[in-house]
Amino acid sequence: MKKGQVLTGIVDRVDFPNKGVVIVEDGICIVKNVLPGQKITFAVQKKRNGRAEGRLLKVEENSPMEVNSPCPHFGACGGCTYLSLPYVEQLKIKEMQVRKLLEGALAGQSEKWGFEGIKGSPAQTGYRNKMEFSFGDEYKDGPLALGMHKRGSFYDIVTVRDCQIVDEDYRRILSFTRDFFDGCSFYHRLRHTGYLRHLLVRKAYRTGEILIALVTTSHMDDENKDIDAQNKEKYRLDEWKDQILNLDLDGKITGVLHIVNDSVADVVQSDRTDILYGQDFFYEELLGLKFKISTFSFFQTNSLGAEILYETAREYIGNLNAACKGQKPDKIVFDLYSGTGTIAQLMSPVAKKVIGVEIVEEAVEAAKRNAELNGLHNCEFIAGDVLKVLDEIEEKPDMIVLDPPRDGIHPKALKKIIGYGVDKLVYISCKPSSLARDLEVFLENGYVVEKAVAVDQFPWTANVETVCLLSKLHVEPNLDELICL
């Protein structure tokens, strides 16, 4: 197999994340954006250390599992990977991917552990409660687009008017906003010029409350020399706000914001936020608790799926619940990478104290407000990096719950967490390859995995969550050695 060579083969399987394994006469090549069973033609791009990587050129034959996609944007839009597969087949792929990674990580564990398969999302379409749409063009110098990045492209944008992973309210807001600003410039990621950047929409599944934010640079297009640019921008934004409030939506808009972001990075962040209408937060309900969610607060993007995820974590922590029945709770629980404190608040009734640590200050403030909102007074939330904050906490945990970002736990922080020597740990991961890497370190330091399960929070995409229960391995003393001593 040589670089530049064009080959045709059958996709044997798809490893996490989105790595199609194609077996041809000359060897094995990894090709992205393919499905098991497809016959594809690809070009070899890299060959290193016996591994080859290729670029998909054409799908010659569909997989026997494929069906008609419910979304007209599938294939062009880079947001979804498995949209042409029945949901049950998607679950099989993700279950296989997680199982394979965990089995590799736990190959050295002699104790038995249980893999409990995968739990599907209660809603497969319209499930997302947050979307960040990007402004751009579908091709160089083309008309204004608002939506998702085109598959395989950093610059081109597909206007996803019929996106299926959000509900109709998102589609109406997107279509109106794109048409309203037609002809306005967008922020060019190479030249760092232009005005429109992103449209952020958040909608609570349970309450139906909607928060909308238009993200721009501070440089409004100077189309009319006779009007002060600042007044012109205010007039344009007020007009957009007034019309968006009159849209026929199923949910209720609680806030419309204008966020100014002059950073060169292609991320949604705020240099300044102006409230054009209402407030900069909304409420969502989860497992009987109420959560106040602000513009940038982390919250699971699939509310119904989050209930499955957290119920699973609560089930895995069941031994703590049982220990507290009939007696006053006396356990201290650390909720590390706590976000808006969802897990901490679920743990609160069966713990003496729950300490949450989260690096995003806005999320910490939201967690404090949410705990107060739910009448929970034994939760403490600390803003800061887990790596540093653990040195400052005087209490020692009886149990630790981990829900780190995609890249997993910093090696130095992982060492400190292991150093507590707690009997039980629950690790919630949104990237199973990072989880597998961290589990190897836990095993090397006297922990074993009791059980694990995958939870599909992201139907149609290549992402999947995993919940894993670890316990400290207490080695029985060698009586012969003790007698000799």
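Looking only at side-chain heavy atoms (C-beta outward), Arg206 and Leu286 stay at 4.5 Å or farther from each other. A 4.5 Å side-chain heavy-atom check between Thr461 and Tyr82 finds every atom pair outside the cut-off. Contact check for Asp403 versus Leu336: no side-chain heavy atoms found under the 4.5 Å cut-off. Residues Phe296 and Val360 form no side-chain contact, since every pair of their non-hydrogen atoms from C-beta on lies 4.5 Å or further apart.
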Taking it one step at a time, do Val201 and Lys130 satisfy side-chain contact (heavy atoms from CB on, under 4.5 Å)? CA-CA 6 Å; Val201 183; Lys130 177 185 177 183; over 6 Å; no
Decide yes or no on ring-ring contact (aromatic ring centres under 6.0 Å, His included) for Tyr420 and Phe334, but give the supporting numbers first. CA-CA 11 Å; Tyr420 284 116; Phe334 281 9; 5.6 Å; yes
Please determine whether side-chain contact (heavy atoms from CB on, under 4.5 Å) holds for the pair Lys331 and Lys352, giving the CA-CA distance in whole Å, both sets of side-chain angles, and the decisive distance to 0.1 Å. CA-CA 5 Å; Lys331 306 294 184 182; Lys352 177 182 178 181; 5.7 Å; no
Please step through side-chain contact (heavy atoms from CB on, under 4.5 Å) for the pair Tyr155 and His149, ending with a clear verdict. CA-CA 7 Å; Tyr155 301 104; His149 284 272; over 6 Å; no
Begin from the C-alpha positions of Tyr187 and Phe135 and carry the test ring-ring contact (aromatic ring centres under 6.0 Å, His included) through to its verdict. CA-CA 7 Å; Tyr187 180 74; Phe135 285 96; over 10 Å; no
Stepwise side-chain contact (heavy atoms from CB on, under 4.5 Å) test for Leu200 and Thr295: CA-CA 9 Å; Leu200 170 64; Thr295 314; 3.7 Å; yes
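With Tyr283 as the aromatic partner, Lys290 meets the cation-pi criteria of under 6.0 angstrom to the ring centre and within 45 degrees of the ring axis. In this structure, Lys241 is not positioned above the aromatic face of Tyr277 in the sense of NZ or CZ being under 6.0 Å from the six-membered ring centre and within 45° of the axis. Annotation: cation-pi pair Arg128/Tyr205 absent, no NZ/CZ under 6.0 Å from the ring centroid and within 45° of its normal. A cation-pi arrangement, defined by a distance under 6.0 Å to the six-membered ring centre and an angle within 45 degrees of its axis, is absent between Arg99 and Phe115.
Atoms OG1 and CD1, from Thr312 and Ile428 in turn, are 9.0 Å apart once rounded to the nearest 0.5 Å. Atom NE2 of His258 sits about 13.5 Å away from atom CD1 of Ile275, to the nearest 0.5 Å. To the nearest 0.5 Å, the span separating CG on Leu211 from CD1 on Ile293 amounts to 9.5 Å. In this structure, Cys77 SG and Gln164 CD are separated by 11.5 Å, a value rounded to the nearest 0.5 Å. Taking CD1 from Ile244 and CD1 from Ile212, the interatomic distance works out to 4.0 Å, rounded to the nearest 0.5 Å.
For the side chain to side chain contact (heavy atoms under 4.5 Å, CB included) with Leu402, the lone residue among Leu425, Leu470, Leu414 that qualifies is Leu425.
Counting only distance, with no hydrogens or angles, the side chain of Ser134 and the backbone of Met148 share no donor-acceptor pair below 3.5 Å. Of the possible polar contacts, one joining the Ser434 side chain to the Arg406 backbone as a donor-acceptor pair under 3.5 Å is found. Not a single donor-acceptor pair under 3.5 Å links the side chain of Arg13 to the backbone N or O of Val21.
Here Lys415 pairs with nothing under the side chain to side chain donor-acceptor pair (under 3.5 Å) rule; sequence neighbours left out. Residues satisfying the side chain to side chain donor-acceptor pair (under 3.5 Å) criterion with Glu440, sequence neighbours excluded, are absent altogether.
The pair Arg189-Asp266 meets the salt-bridge criterion, with a side-chain N (NZ, NE, NH1 or NH2) lying under 4.0 Å from an Asp/Glu carboxylate O. Salt bridge status for Arg171 with Asp162: absent, with no side-chain N to carboxylate O gap under 4.0 Å. Ion pairing between Lys388 and Glu392 fails under the 4.0 Å rule for side-chain N and carboxylate O.
The two residues Gly339 and Ala367 make their nearest non-hydrogen contact at O-CB, 4.1 Å. The two residues Ala105 and Leu439 make their nearest non-hydrogen contact at CB-CB, 4.5 Å.
Under a cut-off of 6.0 angstrom, the local environment of CZ in Arg51 is sparse, with at most 12 non-hydrogen atoms contributed by other residues, nucleotides or ligands. Within 6.0 Å of atom CD in Glu372, 12 or fewer heavy atoms from other residues, nucleotides or ligands are found, so the atom counts as exposed in its surroundings.
By the 30° and 60° cut-offs, the orientation of the rings of Tyr87 relative to Trp460 is tilted.
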